[in-house]
Amino acid sequence: MTAIPPPLALLAELTHRCPLRCSYCSNPLDLERRSAELDTATWLRVFDEAAALGVLHVHLSGGEPAARTDLVALTRGAAGAGLYTNLITSGIGLEPVRLEQLAEAGLDHVQLSIQDVLEETADRVAGRPGAHARKRAVARSVVALGLPLTLNAVVHRGNIDRVGAMIAEAVTLGARRIEVAHAQYYGWALRNRSALLPSAGQVAAAREAIERARAELQGALVIDYVAPDYFARYPKACVNGWGRRSLNVTPSGKFLPCHAAETIPGLTFWSVRDRPLDDIWERSPAFAAFRGTDWMREPCVSCPRKAVDFGGCRCQAFALTGDAHNADPVCTLSPMNEVVRGAAQTPLDLGQVPASRRFGESAAREA
Ligand code: SF4
Ligand code: FES
């Protein structure tokens, strides 16, 4: 029996390949290539070991998990290990026959992303003509199979004014739940932040639209709302605290405390290719680095919220202040809060075209 409580959720990034090119993608700028991906047998071992460790949920994610030709086998393996299986998908590549196979393999839930409700803008953000119509068809197939469906709508400056219409779309498509999530500024979204960040007025109007819809749709649709950090007083408890509840396995098998952990320099990530999960969870120096509260500095050390939000997000602290040991600068108690307030008050630059997600970014930056 270990002194470290077991994780509850595993984010399995099966691949970074994706048919879409969203400019707010939270995948790293340096995407892992197909040749580096774990094979089927290794993923199946990971699922078995995760279940043995205490994990309850697996999120089959990416990139686009349907890009893996062995997705049905992986789903069957995860379900067979006793994990609750949630497929996080763009819907592209999920033909009705494949969805039937996934349902038969034990898939428990589908979380389908939408980019907008206007086909033209949705397809432009996705970088793929016809994507939105395809998603609508996939949503109908999921519901027809009796699988619970959640729509996931990432909102940003370009679509936040249509939050109400996105909620209506969820009702039309038969979803049980919609998650309206502000873009989180990591990876590609951080790079494109000045084109994506909404104004304070847009954020307030979206919040009102959500409250109205919650009142009208009570009992018919669950509406989850992920508030934007940049307009908050205190940070979110990112990943419920580093190394506390969740873990992330990258396409090549690196075992991370969160999806952006590789952006923090000086951390070495052990691989599921070399070690069993319980060994990594309990002994990996990268997990130990920010577990608990001993690593904290002021103002977190003497703050009553330190066991509530764990100082916020380590990756955001590094990205915006240059040191992952600092309080997340989203926090209004942080002496570096101005880096966030300044960004939140930058005038809208509606003419800016955000960069689309693509492979080979490090090579492009070096060129
Ligand atoms: Fe959280 Fe630290 Fe801010 Fe307190 S000072 S609210 S622990 S980030
Ligand atoms: Fe890494 Fe928040 S994304 S700790």
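Starting from 1, each residue takes its place in the sequence as its number. Note that ligands are numbered from 1 as they come in the structure, with each ligand's atoms numbered from 1 the same way.
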Please identify which atoms of ligand 2 are closer than 4.0 Å to at least one heavy atom of [X].
| X | answer |
| --- | --- |
| C313 | 2 (Fe), 3 (S), 4 (S) |
| Y186 | 2 (Fe), 3 (S) |
| C258 | 1 (Fe), 3 (S), 4 (S) |
| C238 | 2 (Fe), 3 (S), 4 (S) |
| R314 | 4 (S) |

Open item on the list: Closer than 3.5 angstrom, by distance alone: can the side chain of E49 be matched with the main-chain N or O of F47 as a donor-acceptor pair?
Closed with: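 No, E49 side chain to F47 backbone: no donor-acceptor pair under 3.5 Å.
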Taking 4.0 angstrom as the limit, do [X] and [Y] come out as a salt bridge?
| X | Y | answer |
| --- | --- | --- |
| R134 | E95 | yes |
| R17 | E64 | no |
| R162 | D116 | yes |

Open item on the list: Does anything in residues 215-227 form a salt bridge (Lys or Arg N to Asp or Glu O under 4.0 Å)? List the pairs, not counting sequence neighbours.
Closed with: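 The answer is R177-D224.
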- [ ] Go around atom 2 (Fe) of ligand 1 and count every protein N, O or S atom nearer than 2.8 Å.
- [x]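 Counting protein N, O and S atoms closer than 2.8 Å to atom 2 (Fe) of ligand 1 gives 1.
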Open item on the list: Among residues at least two apart in sequence or on other chains, which ones pass side chain to side chain contact (heavy atoms under 4.5 Å, CB included) with D123?
Closed with: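 Only A131, H132 meet the side chain to side chain contact (heavy atoms under 4.5 Å, CB included) criterion with D123.
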- [ ] Tell me who clusters with L256, hydrophobic residues only, linked when side chains sit under 4.5 Å apart either directly or through other members.
- [x]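 Members other than L256 - counting any ILVMFWY side chain reachable under 4.5 Å - are W242, I264, L267, F269, F290, W295, M296, V301, F318.
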TODO: Kindly determine whether L112 and L94 satisfy side-chain contact (heavy atoms from CB on, under 4.5 Å), including the steps that lead there.
DONE: CA-CA 11 Å; L112 178 71; L94 284 179; 6.0 Å; no
